[in-house]
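Just below is one structure, and these are the notes that go with it.
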Number of protein chains: 4
Amino acid sequence: MVAAMQSRTSAPRPGRPRSVEADAAILAATRAALVELGWSKLTMGDVAGRAGVAKTTLYRRWAGKNELVVDAVAVLFDELELPDRGSLAADVEGVVLEFAALLERPEAKTALMAVVAESTSDAALRDRIRSSIVDRQKHLVMEGRARAQARGELPAESDDPETAARSSDLIFDVIAGAVVHRSLVSSKPVDTDWARDFTRLLLGGLTAISPT
Amino acid sequence: MVAAMQSRTSAPRPGRPRSVEADAAILAATRAALVELGWSKLTMGDVAGRAGVAKTTLYRRWAGKNELVVDAVAVLFDELELPDRGSLAADVEGVVLEFAALLERPEAKTALMAVVAESTSDAALRDRIRSSIVDRQKHLVMEGRARAQARGELPAESDDPETAARSSDLIFDVIAGAVVHRSLVSSKPVDTDWARDFTRLLLGGLTAISPT
Amino acid sequence: MVAAMQSRTSAPRPGRPRSVEADAAILAATRAALVELGWSKLTMGDVAGRAGVAKTTLYRRWAGKNELVVDAVAVLFDELELPDRGSLAADVEGVVLEFAALLERPEAKTALMAVVAESTSDAALRDRIRSSIVDRQKHLVMEGRARAQARGELPAESDDPETAARSSDLIFDVIAGAVVHRSLVSSKPVDTDWARDFTRLLLGGLTAISPT
Amino acid sequence: MVAAMQSRTSAPRPGRPRSVEADAAILAATRAALVELGWSKLTMGDVAGRAGVAKTTLYRRWAGKNELVVDAVAVLFDELELPDRGSLAADVEGVVLEFAALLERPEAKTALMAVVAESTSDAALRDRIRSSIVDRQKHLVMEGRARAQARGELPAESDDPETAARSSDLIFDVIAGAVVHRSLVSSKPVDTDWARDFTRLLLGGLTAISPT
DNA sequence: GACTAATCGAGACGGTACGTCTGGTCTTCCG
DNA sequence: CGGAAGACCAGACGTACCGTCTCGATTAGTC
């Protein structure tokens, strides 16, 4: 995932090739450790032990705990999908519940907040999070919006691409932010009722800001 | 703030009383250390040194880094205010910008996410965050809503107090969540433009979910 | 003149007088703690607790652990006696066994070596040990010698008092040193057999060094 | 000296081998610290610092202060030698002065008494002292005795090996005990005069206990 | 019968060292 | 050369004692 680009060129470097199994084992071990121990008690040595791997092998692939955890958790966000549920409201409700289900998983909730916290004082980590996690989610917003426009539920985007991006970003932050805040900060469940209330609020707002 | 309940009963416990100056010095030192070092590099020993206090004095009052930081940061949220800006839109925009300004402060942004991360696997910490931080903010939502109803911008609350609380919670999570997500996850500025866009979206939604 | 007398006896200083019971309780607690914990794990706080006394009360009377322990153990050496057993050989054998029995007691053996160790870098402690412990034992040697001379087993002392003191010191160090070394360093029992062997060796030597 | 047994089998355990230089540096640092600070103020952290080594490296090799100091001091006793001085009297006098000179060294006197004190409540430490220190000295007694017998100054040993061992032990405890007691407990110098007096006493005794 | 003055208990204080744990690096030998 | 093993340095962890201090509450003798 990290330096996978090079493998494509398949330059048969000299010496023993890196074990492909090790990568998978390490990431799995990281997720398991996150579930059991949480972020702060997770240690590199413990992950290495679980994966049946030497610590050196970890450090050869990742710069530290932060990077490792981002990669270990990123794959979880690949599971998010946006099947066509027939209407914009159904699509929004669906993605909200799906995202909430993801945040219920201990490895996801713990890791997500922790790496965001670290990223506040680490620009490189911020980029890594954006590319590995945020962008994967944002893509869903774009997809849902396009589908709604095709259905005629939303007007066509503005000609100005910048304006369009601005409103995409806004919607994304509102959805993701509300779910995360409800789930992790307010510590209350994101259930069907809440998802319906939220969707009504969001769709009402969307109609209001759309140009006639 | 923390164990202040007991002081009211003023039961003069035997032995030397705890230094009240130490508390203030420690919390101030904690905030200073957060700014300089960030969450992960902040150490109890360093805080003690800055505060001119022994490590034992810290541990006598707080169980660990998490608890200390929550208390140290909580006071920042007391600064949030909601002056009457004349209209609901102006009030929302104002509180969004104020909250965003708070999240710009390094001690706030780092600490907030970090303690939330830890709280995902620590129920006691979760409660402490709720009472020390979340509730302080939620109060603003209630206030703004009441004011808007007085102005006639929003209909009177439902007779059912549970329904009213449900929508208050929703609005709170949407506002706080969106600002936090924009600021810390998406890493983009919460400026006047964004605040205006967001306010239009939110107010449109509020109108839509209001009865009649 | 008159007032000076009283200060030695019971100078009635102003203020609340020190508790006489506390002294006894503290020394007893110290000995008990020595038996249970040994020297290095004995703490002032623990002794205070056992004695039902505050730490300040200890420090008001003794400067530290060393001084306290010397005083607590010193009384044990008062038990050493030298009844007239009829001959020099019987007297030596008796005192050797008595001293060995004292060193069997855990509080004595632990404390004696420990304070001697500390005294190697503490002149004041060295003096305290000499006056509180060593001199008490040395007195027995003088007594036994005088008795043997009265019996005619040993020749009268040299006219030169310095010469007499030199040989007293020598005998004392040989007896006490041998018993301590056998018991604590070689970790072997000082039983009747050993005492008899040692006595034969010593008396043989004494005869040899005595002036014809 | 400590775990040297295993090195003979030279089983090449996996992983990086322990630094042999570190061992020497640590023991030297321990002796230096003993001279400067004495036993009670010597700290593991300080020793580590002097040796240019991490604290973990100390604890990987020794269980604590006691074990470390025993090993650090043990080598000093290797310096004791018994050159043939021509007569038993000269040999005894020589070894007494040599031993006294050793006990003059601050690292030896402090450490020896301190570890003996600890050993009174620690059987494992007692064994370590016996094998590392006591046995090294006792060997000198055996050697000197054999030499005196060869010279005809002492009769041949008893046929019963146990009887021979008993008298060897006795002589050893008398010599070592007297020197230690004079030097450390009585706090008086072991000079040539004292050594001569003591030798006369001992040799007189030896003649007395020897079978005709 | 108040006023001193030193004591007592309790327990917090600034320090120092403890022994452990983790992070990240380096060194050895094996495949 | 990759990898497992484990030693290495650095330094934070939370705990335990140290010896001092600050409390309120006793106890005496002195006015």
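Below, read A as the first sequence line, B as the second, and so on, with proteins coming before strands; counting in each chain starts at 1.
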Looking only at heavy atoms, the pair that brings Lys65(C) and Leu42(C) closest together is NZ-O, 2.9 Å
B/S/- along nucleotides 24-31 of chain F (protein heavy atoms under 4.0 Å) is --BB----
Correct closest heavy-atom pair for Ala108(C) and Val73(C) would be CA-CG1, 4.4 Å
Atom pairs, protein N/O to nucleotides 15-17 of chain E N/O, distance under 3.5 Å:
from	atom 1	to	atom 2	distance (Å)
dG15(E)	O6	Thr56(B)	OG1	3.4

In residues 62-69 of chain C, which ones come under 4.0 Å of DNA chain E, going by heavy atoms?
none
Spacing between Trp39(C) atom CH2 and dC17(F) atom C1', to the nearest angstrom:
14 Å
Protein-nucleotide distance (Glu21(D), atom CD; dC8(F), atom P), rounded to Å
11 Å
Kindly write out the residues that satisfy side chain to side chain donor-acceptor pair (under 3.5 Å) with Thr57(B), not counting sequence neighbours, or none if the list is empty.
none
Can you check the Asp46(B) CG to dG14(F) P distance for me, whole Å?
14 Å
Those residues at least two apart in sequence (or on a different chain) that pass side chain to side chain donor-acceptor pair (under 3.5 Å) with Thr120(C) are Thr110(D)
Mind calculating the distance between CG (Leu58(A)) and P (dT25(E)) to the nearest angstrom?
12 Å
Under the rule for side-chain contact (heavy atoms from CB on, under 4.5 Å), what residues qualify as partners of Asp127(B), not counting sequence neighbours?
Arg130(B)
Provide, to the nearest angstrom, the distance between the OH atom belonging to Tyr59(B) and the C1' atom belonging to dC17(F).
17 Å
Here the pair of heavy atoms bringing Ala114(B) nearest to Ala117(A) is N-CB, 3.4 Å
With the side chain defined as heavy atoms from C-beta on, Arg61(C) is closest, among dG3(F), dC8(E), dG19(E), to dC8(E)
Could you check Arg60(C) against Arg60(B) and say which one's nearest nucleotide on DNA chain E is further toward the 5' end?
Arg60(C)
Interatomic distance, Leu112(D) atom CG to Glu107(D) atom CD [nearest 0.5 angstrom]:
11.5 Å
Nearest non-hydrogen partners of Ala48(C) and Ala54(C), listed with the distance:
CB-C, 4.1 Å
Under the side chain to side chain donor-acceptor pair (under 3.5 Å) test, which residues partner Ser121(A), sequence neighbours left out?
none
Measure the CZ-CG distance between Arg61(C) and Asp23(C) for me, rounded to the nearest 0.5 Å.
4.5 Å
For residues 24-39 of chain B, which side-chain N or O atoms pair as donor and acceptor with protein atoms under 3.5 Å away, sequence neighbours left out?
from	atom 1	to	atom 2	distance (Å)
Thr30(B)	OG1	Ile26(B)	O	2.7
Arg31(B)	NH1	Ala72(B)	O	2.7
Glu36(B)	OE1	Arg50(B)	NH2	3.1
Glu36(B)	OE2	Arg50(B)	NH1	3.2

Heavy atom of residues 31-38 of chain C under 4.0 Å from DNA chain F: which residues?
none
Ordered by number, residues from residues 107-115 of chain D within less than 4.0 Å of DNA chain E (heavy atoms) are none
To check you understand the geometry: which heavy-atom pair defines the closest contact between Val115(C) and Leu125(C), and what is its length?
O-CD2, 3.8 Å
Any Arg128(C) side-chain heavy atom under 4.5 Å of Asn66(C) side chain
no
Listed by chain and number, what are the side-chain contact (heavy atoms from CB on, under 4.5 Å) partners of Thr43(D), not counting sequence neighbours?
Asp46(D)
d(Met44(B) CE, Tyr59(B) OH) to nearest 0.5 Å is 4.5 Å
Non-neighbouring partners of Arg126(D) that pass side-chain contact (heavy atoms from CB on, under 4.5 Å), sequence neighbours left out:
Ser187(C), Ser119(D), Ala123(D)
